[in-house]
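For the numbers below, each heavy atom of this structure counts, side chains included, while hydrogens, waters and symmetry mates do not. Small disclaimer: the values here were computed from a predicted structure and weren't measured.
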Protein chains: 2
Amino acid sequence: MYSLLVMRIAASSERSMADLTARARIRDAAIACFAEAGFDTPFRTIAARADVSPGLITHHFGSKAALRAECDAEVFRRYHALKSDTLDDPSANLLERLARPGDAALVTVYMLRALHAGGTAARDFFESLVEHVRQVTAESVAAGLVRPSRDEDARARYLTAHSMGAMLVQYLLDPGRSPDDFVASVLTQERGQALPILELYTEGLFTNRRMLDEYLMYVGDPPVGAVVPADAGATAPTA
Amino acid sequence: MYSLLVMRIAASSERSMADLTARARIRDAAIACFAEAGFDTPFRTIAARADVSPGLITHHFGSKAALRAECDAEVFRRYHALKSDTLDDPSANLLERLARPGDAALVTVYMLRALHAGGTAARDFFESLVEHVRQVTAESVAAGLVRPSRDEDARARYLTAHSMGAMLVQYLLDPGRSPDDFVASVLTQERGQALPILELYTEGLFTNRRMLDEYLMYVGDPPVGAVVPADAGATAPTA
DNA sequence: GATCACGCTAGTTGCGTGTATAGCCTGCTG
DNA sequence: CAGCAGGCTATACACGCAACTAGCGTGATC
């Protein structure tokens, strides 16, 4: 009976038995605190949220860096779970999935904060997102919705950096607090910007093909790492 | 003779005479430190860089917040100087100007850091950039290079948030340290992503006009703040 | 049912920070 | 040359933090 419960939990969320302990409570509390208040949240705050004493955190995790690492790993795990959920269900899309309140919102904001903090974790999360965008665009191309690119890899990186960057900027400019509030504001803002996005994605920005054609004349087509004469894309508005 | 020198300095960089004092040295050192190491750089580090004692900073500025505010104001001033330089010279563009090593690089990275830190300063810098992008796109539209948008304001916000966000992401992911190094890497990365940018700006992303047309059918044209039925732009790759 | 071990807590330590204060020292002024 | 004001320094304080240590309690084991 007990083992049956454990098995069901393990099956549904892949959590190990150890997660039923206070150690897991601390980890989850830390994830929530980190997402809401940043990674410099004091031990005391985390401890209070997990209903344990501050010392216990040290006792279990040794140092703050170790706690952080474990939280990163857990969020990473949850993100991949969300991702495969999304990929399995073709009607879903990642933005909506990630902007859903609750667990998903927590994951999103945590990853944003990790990106904000920089370092190895930021790179890992980012690479993971790039990979995901590449998969989704590939599917959209196959479905005939999106034009193929001459360099799918670079495009995935570009789209990811810009999308995540814009989300990050919004997060930083918005005084919004709770993860749920934030993902809600992301959705509304996304809708406020729907028109320029659709315009850009449908009609492009330039009135003629000159710059693209000139670029293609200089360098060979597909995966280009080469340098282009000074300011190829530079006349594009600002940066 | 002395006054002549002062006048030339004042004319060339608009700095007041008071800036020749140690107070200005502290401010400049703080700007450099903030840009390179973040706003939580200790007083002592700033003091060492300015070759003064830590106490002198308090003596001149009162508090750290006041020092920060004065640095923000100074950077803001320098940015606007760069901006009007760029606007006066039609052959120049802001990205190249901001990515030039030296003073401009410092301004760029400082503003990025301010954005990174959030708060009022971040909003002010951002609004300033939006305004600038709006001017540049308006000029490009007038010159027939860029298609007009049905909502120029929203487009300027969109482009600014995404461009600055991407720069910020790159800054966070890159272990790069000095402002000069960073702006150099921005330029090279910009060139590495030139192809997807040109593709997107020239050809768009979608293969057909369906989503845009559907959107336009639902809401009136120009400055739209309205909400669109659930997932209008949602099928766009990721976010 | 006594013992042992482990989860857990309270209190303490040391460090780094921003800020306050008292004094030095240089360079004007009368 | 005396006096003195103000830029400037060095030292000291108070606070918040992570990390450590010793001890309490509870539940499993033989």
Side-chain angles (χ1 to χ4, degrees), chain A residues 1-3 5-6 15-72 113-114 116-119 121, chain B residues 1-3 6 15-72 113-114 116-121:
Chain A
M1 190 131 140
Y2 173 72
S3 66
L5 175 65
V6 170
R15 288 185 192 170
S16 67
M17 277 179 56
D19 280 14
L20 300 171
T21 69
R23 182 190 169 92
R25 275 214 326 278
I26 293 174
R27 176 175 40 61
D28 289 351
I31 290 175
C33 286
F34 287 162
E36 288 171 15
F39 292 111
D40 47 358
T41 306
F43 269 11
R44 290 164 174 77
T45 307
I46 300 172
R49 182 165 195 143
D51 255 321
V52 297
S53 79
L56 189 61
I57 302 180
T58 313
H59 178 263
H60 273 304
F61 296 92
S63 75
K64 193 164 196 177
L67 171 63
R68 166 76 200 280
E70 202 139 332
C71 289
D72 286 349
R113 278 236 192 255
H116 181 246
Chain B
M1 190 132 140
Y2 172 71
S3 67
V6 169
R15 287 185 193 173
S16 68
M17 278 179 55
D19 280 13
L20 300 172
T21 70
R23 181 190 169 91
R25 276 214 326 277
I26 293 175
R27 180 182 28 67
D28 289 351
I31 290 175
C33 286
F34 287 162
E36 288 171 15
F39 291 110
D40 48 358
T41 306
F43 267 11
R44 290 161 173 83
T45 306
I46 300 172
R49 183 165 195 144
D51 253 321
V52 296
S53 78
L56 189 62
I57 302 180
T58 314
H59 178 264
H60 274 303
F61 296 92
S63 76
K64 190 163 197 177
L67 172 63
R68 166 77 201 278
E70 203 140 331
C71 290
D72 285 349
R113 270 252 145 80
H116 182 245
T120 313

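Residue A:T41 holds its OG1 atom at 11.0 Å from CZ of A:R68, rounded to the nearest 0.5 Å. Considering CG of B:L67 and CZ of B:R27, their distance stands at 9.5 Å, rounded to 0.5 Å.
Residues B:H59 and B:L56 meet the side-chain proximity criterion, which asks for heavy atoms closer than 4.5 Å.
Here the nucleotide nearest the side chain of B:R44, chosen from C:dT19, D:dA18, D:dA19, is C:dT19. Side-chain atoms of B:S63 lie closest to C:dT19 of the nucleotides C:dG18, D:dA19, C:dT19.
Atom CG in A:D40 sits about 15 Å away from atom P in D:dG16, given to the nearest Å. At whole-Å resolution of the value, CZ in B:F61 and C1' in D:dC8 are 14 Å apart. In this structure, NZ of B:K64 is placed 12 Å from C1' of C:dT19, rounded to the nearest angstrom. For the pair B:I26 CD1 and D:dG7 C1', the computed distance is 10 Å after rounding to whole Å.
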Between the protein and nucleotides 6-10 of chain C, list every N/O to N/O distance that falls short of 3.5 Å.
| unit_1 | atom_1 | unit_2 | atom_2 | d |
| --- | --- | --- | --- | --- |
| C:dC8 | OP2 | A:H60 | NE2 | 3.4 |
| C:dT9 | OP2 | A:S53 | N | 2.8 |
| C:dT9 | OP2 | A:S53 | OG | 3.2 |

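At the heavy-atom level, B:F43 lies under 4.0 Å from base atoms of the strands shown.
Under the 3.5 Å distance criterion, the side-chain polar atoms of A:R23 are matched with a main-chain donor or acceptor of A:H60.
Nearest heavy atoms, B:S53 versus B:A47: C-CB, 3.8 Å. Between A:I57 and A:F43 the shortest heavy-atom distance is CD1-O, 3.6 Å.
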